[in-house]
Colleague: 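Right, I'll just put the structure down here and ask away after.
Counting starts at 1 for both ligands and their atoms, in listed order.
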Amino acid sequence: RQGRDRLHSHLRTDQSARCRGRQRRTDIARLSNATLAALGTGTGAGADAHHGTAAAPQSLLPRGDVRPGIVHLGLGAFARAHTAVFTENAMLASGDFSWGIVGVTQRSDTVARQLAPQDGLFTVAERGAGAAPLRVVSSIVEAISGRDRPDTVVDRIAAAATRVVTLTVTEKGYRIDPQTGSLNTADEQVQADLAGNPPQTAIGQIARGIQQRSRTGAGPLTVLSCDNLPANGKLTGTLVRAFAAALPAAESGPLLAWLDANVTFPSTMVDRMVPATTDGDLDAVEHELGLRDEAAVVAEPFMQWVIEDTFAAGRPAWEEAGALFSTDVAAWEAAKLRLLNASHSMLAYLGLATGKTTIADAVGENAFRLACSRMMAGDALPVIELPDGLDGETYCANVLERFANPALGHTTAKVGSDGSQKIGLRLLTTIRANLDAGREPLWAALAVAAWMHHVASTPTADLNDPLAAELHAALPDTRTAATVVPALLGFGGIFDPELAAHRGFADLLLHWYRIIDTQGLDGLRNEINHG
Ligand code: CS2
């Protein structure tokens, strides 16, 4: 009777489903500790005759024993499908349950709202060959909207039990000034955080949390960036220090001294392809799990994590979950960024230019697959130093195979978003190294030209990029290769003056842009196959 009431109290009356304007069944219980437990005993909605396969009980953590030890900033799909899974596996393998995750959403409160009625539980549905059965993940112990509860975020970072802060806030979340490579102190939100308002930026949250730790004697802390940025740990340390240095002298001196003595910033390389969850994915999970999970994520089966082992106050036994600890993380990260992420971006923009909706569709086009192979083998591999244990050819072949996963539904629009923040790290580093060595980066230039075409041919409101307005302000009304290429090359936030002035590079961009713009897919096929 009591169980039944609890089940009813979890019946989904979710706003978001209504907002999506679809007629849904309302007799499916929402995922939570109680409904999942009831599912295991066969008394819950999961055993409901309407649903074919009620999932088997999961290897969940003993939730009553899990204590918070990590604050995670940026509770997007990637963090749930990667970091939360590794941490849960580490806790399960080691029996050390002191690494529960307090998750913080950044700009939008959606995920915090989705997880709250679910006791932090969510499902990971692997898609593609070798996919594991559906899995409910239980390592998130609290979900907070950073936008709405910034002081709570600072308190959680400052709590003595917190020993690690992890973050996945995407490239733009770091507020980097492209000219200096350090913190953009001209950014409005950074300025507000510096002025002492409850912090809204990730760097502000971290700095204020550390400041509070320094005042309360909460002990050392590790800040672990898990975003696709080169030397992400070192970079994050630089940004947090720049924030501290920009505070009034009475604050900055003590904070910088405490930081130097108590906080470490290891670098990491993270890898798992995680598309945005669709309504169809949520319905499929509901059908399979027998419970409604508004926070479910889908992901490819592959996942990898390479971490530098410089933790200030302990860490989960992530190695027991398959993470690799290495002293050479920078090399792993460079390889991943300039091989995997670079070709991902290339496929996204070639796909967007030719009407291909998913990365799998784009890599299914032989010419595009060939262009990626050549970019990786011809442009990138010769100018990067691979870490021990990574075979370049095998890595590139595996990457293309992962892109081809037909079940993933990773959209070219998603991967193509925020290009202004990505192409420099993924492609321009490779292009510069080739030009410096007197080589022609033909294929990497194709990717940049395809990005330029995407920027120039997408209406401002639809261009998913934090610099959309600025990029479009730099463009003339008549958009051809001859006008767009020089205009975007002159965009200082992306191209440095030397690269912008390189005649050979500009010619390559003009060549490819013309083909994309005037000949479309047929022209590209022809040119790539004979290139
Ligand atoms: C992608 C990455 O959206 C993107 O920019 O290239 O999110 C990519 O899927 C991951 O880095 C894979 O680990």
Side-chain angles (χ1 to χ4, degrees), residues 74-86 124 126-128 166-174 225-230 232 267-278 297-307 322-324 329 332-352 356-360 362-363 368 372 375-376 380 390 395-396 398-405 407-430 444 447-448 450-451 454-455 463-467:
L75 206 46
F78 179 80
R80 279 172 282 153
H82 185 276
T83 324
V85 173
F86 268 102
V124 175
E126 292 187 1
R127 298 275 188 254
T166 47
L167 60 159
T168 51
V169 295
T170 80
E171 295 85 347
K172 63 175 178 269
Y174 287 78
S225 160
C226 303
D227 282 292
N228 293 319
L229 295 156
N232 48 13
S267 286
T268 58
M269 185 278 269
V270 294
D271 192 4
R272 188 170 211 184
M273 289 174 204
V274 184
T277 313
T278 64
V297 289
V298 295
E300 64 170 338
F302 179 91
M303 58 195 254
Q304 190 178 30
W305 200 1
V306 185
I307 314 170
L324 175 72
V329 174
W332 282 97
E333 180 64 20
K336 192 229 163 186
L337 260 178
R338 292 163 69 179
L339 297 169
L340 184 153
N341 292 116
S343 34
H344 221 189
S345 291
M346 181 172 192
L347 287 170
Y349 299 121
L350 287 173
L352 286 163
K356 298 189 187 293
T357 313
T358 66
I359 294 292
V363 80
F368 294 172
C372 273
M375 192 273 289
M376 291 194 278
L390 195 151
Y395 186 83
C396 297
N398 287 344
V399 159
L400 291 174
E401 207 175 304
R402 287 168 60 199
F403 289 160
N405 183 342
L408 202 58
H410 211 173
T411 61
T412 47
K414 171 90 172 13
V415 178
S417 67
D418 294 351
S420 68
Q421 314 291 302
K422 294 175 179 171
I423 65 155
L425 312 173
R426 298 177 179 199
L427 292 156
L428 299 183
T429 322
T430 292
V448 176
W451 167 74
H454 173 63
V455 170
L463 185 61
N464 193 351
D465 192 299
L467 297 183

Colleague: Are the side chain of Thr268 and the backbone of Ser225 linked by a donor-acceptor contact shorter than 3.5 Å?
Modeller: yes
Colleague: For residues Asn341 and Lys422, is any side-chain donor paired with an opposing acceptor at under 3.5 Å?
Modeller: no
Colleague: Donor-acceptor check, side chain of Thr358 to backbone of His410, threshold 3.5 angstrom: yes or no?
Modeller: no
Colleague: For Arg338 and Leu427, indicate whether the former's side chain and the latter's backbone hold a donor-acceptor pair under 3.5 Å.
Modeller: no
Colleague: Counting non-hydrogen protein atoms only, what is the nearest one to atom 10 (C) of ligand 1? Give residue, atom name and distance.
Modeller: Lys336 NZ, 3.6 Å
Colleague: Which protein non-hydrogen atom lies closest to atom 12 (C) of ligand 1, naming both residue and atom, and how far is it?
Modeller: Asp271 OD1, 3.3 Å
Colleague: Please list the nearest protein heavy atom to atom 7 (O) of ligand 1 with its residue and the distance rounded to 0.1 Å.
Modeller: Asn228 ND2, 4.2 Å
Colleague: Could you tell me whether the side chain of Asn405 reaches within less than 4.5 Å of the side chain of Pro301, counting heavy atoms only?
Modeller: yes
Colleague: Has ligand 1 got any nitrogen or oxygen that is less than 3.5 angstrom from a nitrogen or oxygen of Arg402?
Modeller: no
Colleague: Can you list the ligand 1 atoms lying under 4.0 Å from a non-hydrogen atom of Val415?
Modeller: 3 (O), 4 (C), 5 (O), 6 (O)
Colleague: Check each of Val270, Thr170, Asn341, Val399 against atom 2 (C) of ligand 1 and report the one with the nearest heavy atom.
Modeller: Asn341
Colleague: Among all protein heavy atoms in this structure, tell me which lies nearest to atom 4 (C) of ligand 1, with the distance rounded to 0.1 Å.
Modeller: Lys422 NZ, 3.6 Å
Colleague: I need the nearest protein heavy-atom contact for atom 6 (O) of ligand 1: residue, atom name and distance, please.
Modeller: His344 ND1, 2.7 Å
Colleague: Using a strict 4.0 Å cut-off to heavy atoms of His410, name the atoms of ligand 1 that fall inside it.
Modeller: 9 (O)
Colleague: Which distance, rounded to the nearest 0.5 Å, do you find between the NZ of Lys356 and the OG1 of Thr412?
Modeller: 10.0 Å
Colleague: Looking at ligand 1, does Arg426 have a heavy atom less than 4.0 Å from it?
Modeller: yes
